[in-house]
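Below is one structure, written out as structure tokens; comments come after it.
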Amino acid sequence: MKQTLRMLGLPLLSIVAMITLGIPGAWAEDDPDFDPPLVPLPPVPEPPDNLITPEKAELGRLLYFDPKLSGDASLGCGDCHDPKQGWGFNDPICRGYPGVVHWRNCHTAVNTGYLSKLFWQGNATSLEAQAKSAATGGISGNGEADVMEQRLRQTPYYVAEFNRVFGTERPILNDAWLAIATFERAMLTQYDTPLDRHLEGDDTALSDEAKLGLELFTGKANCIECHNGPVLSDEKYYNLGVPRPYEWEETGLNTITYRFELYQKGVHEDYYREFKDDLGLYFTTKRPSDMGKFRTQPLRYLAYTAPYMHAGQFYTLEEVIDFYNDGGGDNEFTERAGNKTPILKPLNLSDEEKEALVIFLEEISGEEIVMPVPKVPTYEAMPDVAGLSQAEAKRIGLEFYLAAQGIE
């Protein structure tokens with residue numbers, strides 16, 4: 001079954017609720033008696049300076065799918081975070097700007113309103129910052145701010161809608177990031193899943209096999225140690241020993257992108273010449289102990305977001321569970337930095353237990369969020385509004401200009 005999207009009017013989540021409901025970072029993780037929570041999904045947090053409104057979310061929906069917010073007007077957010085591909089991209093490595101390829105797997109956009117660390121490195125701390133970074137990054141959107149803003153200003157529908165939503169005479173690019181973030185919070189948050197219903201006391205929400213999987217998740221398999229809180233992520237960083245993606249060794253464009261990222265992120269020349277694995281968090285901190293570490297992935301929409309890991313190294317949940325059952329793996333940095341997380345240990349799961357974990361992860365994913373891709377508004381040369389008739393102004397969405405100039 002599929003869930004038809006509804007507009008949500010959502011309240012601001014208070015700090016008290018964050019502590020009570022287990023938003024990542026809100027509990028005393030250094031407490032030796034700390035027991036990581038598994039909690040129902042609370043209302044999505046709203047930034048005080050970007051509150052959710054239906055009008056802003058609807059504007060953000062159009063902008064999310066509009067390729068005007070990229071370098072050559074060929075890519076929108078929805079091209080890499082596609083509703084038909086789990087609001088992500090179902091290839092191991094995400095697509096990139098024309099002429100290049102990306103270098104990591106695309107996260108789903110679903111439930112990202114709960115995260116304080118976005119991207120695999122956690123280097124965007126809000127959906128607003130993430131939207132800007134994706135639209136302007138050299139291997140993603142590659143957009144120039146002045147060009148993208150002018151495209152919005154040459155689209156009469158956007159001129160009218162930005163005025164209605166933000167009160168500006170002409171669209172301001174930063175407001176586009178606010179609108180896209182609002183769309184993601186309001187429309188891509190997945191409430192009332194089987195997991196939520198189970199945690200709220202509905203004993204029929206999960207199958208018997210999934211209940212066994214939940215018992216393993218919180219017990220023998222110890223997934224809960226890192227996959228906890230409302231979206232099943234502690235938002236911490238770990239080197240799991242995930243193997244190198246073969247694309248970096250066998251595909252020229254992938255190799256070019258990898259070397260570009262090493263150079264662009266300012267690594268030491270020796271590292272640029274020698275390394276062949278993704279440095280992960282090290283790119284942000286420049287601490288050798290952070291080499292190969294990535295942020296814990298949320299699990300709530302997992303059934304729709306294969307392949308898995310930071311470069312799509314595993315195609316199925318069965319492969320992922322086998323990897324953890326073996327105690328993780330080894331890569332360039334587990335050897336060089338000696339920083340493989342000690343949390344990982346062989347689990348000795350039986351085939352039946354591994355199957356139960358897969359069933360649990362599939363069932364808690366809930367119904368798929370589906371949405372038709374909207375037709376985005378087109379460019380039109382901005383006319384001399386003083387010479388427009390009321391009917392023409394209304395047709396292109398500029399009636400507010402006439403009112404502002406006292407023209408009837």
Side-chain angles (χ1 to χ4, degrees), residues 24 29 36 92-94 102-107 117 119-123 217 220-228 232-251 254-255 257-299 302 306-349 354 357:
E29 295 176 354
I93 306 293
C94 194
H102 211 278
W103 67 318
R104 290 174 177 162
N105 182 256
C106 270
H107 287 302
K117 301 171 184 176
F119 298 124
W120 286 100
Q121 253 173 265
N123 49 318
F217 187 93
K220 180 179 178 180
N222 196 33
C223 312
I224 189 69
E225 183 157 350
C226 302
H227 294 284
N228 52 59
L232 306 182
S233 170
D234 63 3
E235 296 198 71
K236 292 182 179 181
Y237 301 91
Y238 304 96
N239 183 359
L240 308 176
V242 177
R244 179 182 305 153
Y246 78 88
E247 289 91 348
W248 291 2
E249 296 181 328
E250 299 184 8
T251 307
N254 290 94
T255 302
T257 296
Y258 173 62
R259 294 298 166 191
F260 164 76
E261 290 292 341
L262 289 174
Y263 177 82
Q264 188 266 340
K265 296 183 186 331
V267 304
H268 191 283
E269 183 178 357
D270 288 345
Y271 295 173
Y272 174 84
R273 296 185 181 280
E274 295 175 13
F275 285 5
K276 299 189 183 300
D277 284 352
D278 191 335
L279 281 148
L281 182 61
Y282 173 86
F283 286 122
T284 301
T285 68
K286 299 301 188 289
R287 296 190 184 100
S289 60
D290 288 332
M291 290 178 177
K293 290 185 178 180
F294 296 92
R295 190 211 65 197
T296 302
Q297 181 74 336
L299 303 183
L302 207 61
Y308 307 104
M309 302 300 185
H310 63 269
Q313 287 95 330
F314 302 134
Y315 283 87
T316 67
L317 290 174
E318 287 82 0
E319 288 180 87
V320 174
I321 290 171
D322 282 338
F323 173 79
Y324 283 111
N325 192 50
D326 292 339
D330 288 295
N331 57 29
E332 184 170 6
F333 306 122
T334 59
E335 299 171 5
R336 181 184 293 263
N339 65 347
K340 180 178 175 179
T341 177
I343 295 171
L344 292 179
K345 296 177 175 63
L347 301 176
N348 300 311
L349 298 174
K354 288 190 282 186
L357 271 174

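When reading the values below, keep in mind they use all heavy atoms of this one structure, side chains included, and skip hydrogens, waters and symmetry mates.
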Donor-acceptor pair, side chain of [X] and main chain of [Y], under 3.5 angstrom:
X: Thr296; Y: Ser233; answer: no
X: Tyr258; Y: Asp277; answer: yes
X: Thr316; Y: Glu319; answer: yes
X: Glu247; Y: Asn254; answer: no
X: Glu332; Y: Lys276; answer: yes
X: Lys117; Y: Glu235; answer: yes
X: Arg104; Y: Trp120; answer: no
X: Tyr282; Y: Gly292; answer: no
X: Asp234; Y: Asn228; answer: no
X: Asn239; Y: Gly241; answer: yes

Between Leu262 and Leu279, is any pair of side-chain heavy atoms under 4.5 Å apart?
-> yes
Would you check if Tyr308 and Leu302 make a side-chain contact, meaning some heavy-atom pair closer than 4.5 Å?
-> yes
Could you report the tightest heavy-atom contact between [X] and [Y], atom names first, then the distance?
X: Tyr324; Y: Met309; answer: OH-CE, 3.8 Å
X: Asp290; Y: Asn339; answer: C-ND2, 4.1 Å
X: Lys220; Y: Asn348; answer: NZ-O, 3.1 Å
X: Leu357; Y: Ala221; answer: CD1-CB, 3.9 Å
X: Gln313; Y: Pro245; answer: NE2-CD, 3.8 Å
X: Gly312; Y: Pro307; answer: O-CB, 3.7 Å

Which of parallel (below 30°), tilted (30 to 60°) and perpendicular (above 60°) describes Phe333 and Phe275?
-> perpendicular
Among all residues two or more places apart in sequence or in another chain, which pass the ring pair (Phe, Tyr, Trp, His ring centres under 6.0 Å) test with Phe323?
-> Phe314
Check ring pair (Phe, Tyr, Trp, His ring centres under 6.0 Å) between Phe294 and all other residues, then give those that pass, not counting sequence neighbours.
-> His310
Run the side-chain contact (heavy atoms from CB on, under 4.5 Å) check on Lys236 and Lys293 step by step: do they pass?
-> CA-CA 9 Å; Lys236 292 182 179 181; Lys293 290 185 178 180; over 6 Å; no
Can you check side-chain contact (heavy atoms from CB on, under 4.5 Å) on Tyr237 and Arg295, steps first, answer last?
-> CA-CA 4 Å; Tyr237 301 91; Arg295 190 211 65 197; 3.8 Å; yes
